[in-house]
**Student:** 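My questions all concern the structure below.
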Amino acid sequence: MLQIECPWCGARDQEEFQYGGEAHIVRPENPDSLTDAHWADYLFNRTNVKGVHAEQWCHAAGCRRWFNVLRDTMSYKILAAYRPGEQPPGSEE
Amino acid sequence: MRKDRYSIFSLARNAVSYHQDWSEAWRSPEPAPSYDVIVVGGGGHGLATAYYLAAEHNVGRIAVLEKGWIGGGNTGRNTTIVRSNYLWDEAAHLYEKSLKIWEGLSQELNFNVMFSQRGVMNLGHTLQDMRDIYRRSNANRLNGIDSEILTPAEIKAKVPAMNVSSEARYPVLGASFQPRGGVARHDAVAWGFARAADARGVDIIQNCEVTGIRREKGAVCGVETSRGYISAKKVAVVVAGHASVLADMAELRLPVESHPLQALVSEPLKPVLDTVIMSNAVHGYVSQSDKGELVIGAGIDAYTGYGQRGSFSIIEGNVAAIVELFPIFSRVRMLRQWGGIVDVCPDACPIISKTPVSGLYFNCGWGTGGFKATPGSGWVFAHTVARDEPHELNAAFDLDRFTTGALIDEHGAAGVAH
């Protein structure tokens, strides 16, 4: 079982959270100008990393806010949690 | 090269020598420097692919590269259910092809895969469940797939241990029943295909992990492995649980996410359940193995993961559902629990396809239900690899469907425990 650190509420049991998939996927600014292949890539293709994965969680049974988590998909260990709009800890910016 | 046939006579002959002289089921050759076709992944699907390539297509030298050992991956981790009651034509035809092969597989492979057509029952607990079940059952019959609708009284007659009372928290309102469905011995499927493929000259190379896919001018030319570079004209990737990792080696992106899926078995009991029970609404499925263990399958964890284990809450909810259906199981002790990694596509249908890299093929994304498709998957994939074009049965399962939008939306529509 995971214990997830909500940036607003602190550490809570996994049962309180809902998973939201890969984080930092930006909706294309101008969908009309995209090719089908680019649109398919945005909609369906995922990095599905074996290793450190940036992903979205929602504290569904708590404050109901979305946030991002860095989690190792081999050990399931959670490395960091950060608010939407923030860059993952350890990134260049 | 041809192995001794297994038969009552070979059994008697070997009994005389106290079973010390059985020949090995398959060789363990050193990898050759090059092959015509390399199949990456020695699970059931990969071995079936290699077998049908060798048996039905003239493609030259074939190798299967397996990073662990035969039968040690998802082939040995599933709940062994076989059925073909899918809603959409494309899926129904593919799984029905597979079921037809299952029916003669032990004879074809000369290996007892213990395929037992004890029927598969999908329960409905709400009016909407029942509407979906009628729809799917009718669709199945139009596709020539056997399907019956059972009333609660008929269910009770077949499965006395089940609680079908209207007092139940999720009352059973009816079920679809596919009599030709059932279970098979999962390891035997891998061993049988391995032995039969080996007998036709396929090199099965265990403990050989693929670490890179070498390409030249947009075409595949070989694979880097933990046992050195092996060149190949064609590379067929069949790696449940690691499709994205292998795709990344060829700089491809796949619409696949890997999730943990769990299952558990109980202590052995006397015969109590002689069919397969599945319920989508309460999400559990259970059958009884020939050894007497209850084999129970759970759902996937929502999060992605490669760790071959899942959350306890999933098991808890699953077991609660089973106990609700079968109150007499409430004091049965569970012996083992495990997880495997399943690659799930957005439409819960597999990808059996050519790729933008010439000579590179992928067969992946079977989600939670790949075991039943093992022989059919190998059969269509062998055709795809050998002819460099899909068979009509798997044409719709092309990687391209995510670009064209022609998804095969089996996810909720099938009313099955995905």
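No experiment lies behind these values; they were computed from the predicted model shown.
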**Student:** Between Asp41(A) and chain B, with a heavy-atom cut-off of 4.5 Å, which part of the residue counts as in contact: side chain, backbone, both or neither?
**Tutor:**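 Its backbone and side chain both get close to chain B.
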**Student:** Do you see a donor-acceptor pair shorter than 3.5 Å between the side chains of Tyr285(B) and Asn318(B)?
**Tutor:** no
**Student:** Please find the pair of heavy atoms, one from Ser313(B) and one from Met1(A), that lie closest to each other, and give the distance.
**Tutor:** N-SD, 3.6 Å
**Student:** Using a heavy-atom distance cut-off of less than 4.5 Å, which residues of residues 69-76 of chain A contact chain B?
**Tutor:** Arg71(A), Thr73(A), Met74(A), Ser75(A), Tyr76(A)
**Student:** Pair Trp57(A), Tyr19(A) - check ring-ring contact (aromatic ring centres under 6.0 Å, His included), show working.
**Tutor:** CA-CA 5 Å; Trp57(A) 286 84; Tyr19(A) 186 65; 5.0 Å; yes
**Student:** Under the ring-ring contact (aromatic ring centres under 6.0 Å, His included) rule, what do Trp366(B) and His45(B) come out as? Steps first, then yes or no, please.
**Tutor:** CA-CA 10 Å; Trp366(B) 287 90; His45(B) 289 232; 5.1 Å; yes
**Student:** With a 4.5 angstrom heavy-atom cut-off, which part of Gln18(A) approaches chain B: side chain, backbone, both or neither?
**Tutor:** neither
**Student:** Are Glu22(A) and His53(A) linked by a side-chain donor-acceptor pair shorter than 3.5 Å?
**Tutor:**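 No, no side-chain donor-acceptor contact under 3.5 Å.
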**Student:** For His24(A), does the NE2 atom have more than 12 heavy-atom neighbours from other residues, nucleotides or ligands under 6.0 Å away?
**Tutor:**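 Counting other residues, nucleotides and ligands, NE2 of His24(A) exceeds 12 neighbours.
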**Student:** Under 6.0 Å from the CH2 atom of Trp69(B), do we count more than 12 heavy atoms belonging to anything else shown?
**Tutor:**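 Counting neighbours around CH2 of Trp69(B), 12 or fewer heavy atoms of other residues, nucleotides or ligands fall under 6.0 Å, so no.
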**Student:** For Phe17(A), is the NZ or CZ atom of Arg12(A) found under 6.0 angstrom from the centre of its six-membered ring and inside 45 degrees of the ring axis?
**Tutor:**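 No; the conditions do not both hold, so Arg12(A) does not lie above the ring face of Phe17(A).
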**Student:** Using non-hydrogen atoms and a 4.5 Å limit, figure out which bit of Asp301(B) sits close to chain A: side chain, backbone, both or neither.
**Tutor:**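 For Asp301(B), the contact with chain A is made by the side chain alone.
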**Student:** Hydrogens and angles aside, do Asn363(B) and Thr49(B) bring a side-chain donor and acceptor to less than 3.5 Å of each other?
**Tutor:** no
**Student:** Could you check which of Asp343(B), Ile341(B), Thr403(B) has the highest count of heavy-atom pairs closer than 4.5 Å to chain A?
**Tutor:** Thr403(B)
**Student:** In terms of side-chain geometry, is the basic nitrogen of Asp248(B) or Lys50(A) positioned less than 4.0 Å from the acidic oxygen of its partner?
**Tutor:**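 Looking at Lys50(A) together with Asp248(B), the answer is no, because their closest N to O distance does not fall below 4.0 Å.
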**Student:** Strictly by modelled atom types, are Thr225(B) and Glu209(B) linked by a side-chain donor-acceptor pair under 3.5 Å?
**Tutor:** no
**Student:** Check whether Leu407(B) gets within reach of chain A through its side chain, its backbone, both or neither, counting any heavy atom under 4.5 Å.
**Tutor:**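 The side chain, not the backbone.
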**Student:** Side chains of Gln337(B) and Gln262(B): is there a donor and an acceptor less than 3.5 Å apart?
**Tutor:** yes
**Student:** Where on Leu2(A) is there a heavy atom nearer than 4.5 Å to chain B: the side chain, the backbone, both, or neither?
**Tutor:** side chain
**Student:** For Thr35(A), is it the side chain, the backbone, both, or neither that has a heavy atom closer than 4.5 Å to a heavy atom of chain B?
**Tutor:**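 Interface part for Thr35(A): neither.
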**Student:** What residues of residues 70-77 of chain B make heavy-atom contacts with chain A at a cutoff under 4.5 angstrom?
**Tutor:** none
**Student:** Given a strict heavy-atom distance threshold of 4.5 Å, which part of Val256(B) is in contact with chain A: side chain, backbone, both, or neither?
**Tutor:** both
**Student:** Determine, step by step, whether Asp400(B) and Lys354(B) satisfy the salt bridge (charged side-chain N to carboxylate O under 4.0 Å, His left out) criterion, reporting the C-alpha distance in whole Å, the side-chain angles of both residues, the deciding distance to 0.1 Å, and the verdict.
**Tutor:** CA-CA 9 Å; Asp400(B) 213 33; Lys354(B) 297 166 70 171; over 6 Å; no
**Student:** Determine the option with the most heavy-atom pairs under 4.5 angstrom with chain B, choosing from Glu55(A), Glu15(A), Gln14(A).
**Tutor:** Gln14(A)
**Student:** Could you tell me whether Glu251(B) and Arg215(B) make a salt bridge, using a distance below 4.0 angstrom between a side-chain N and a carboxylate O?
**Tutor:**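 Looking at Glu251(B) and Arg215(B), the cut-off is met.
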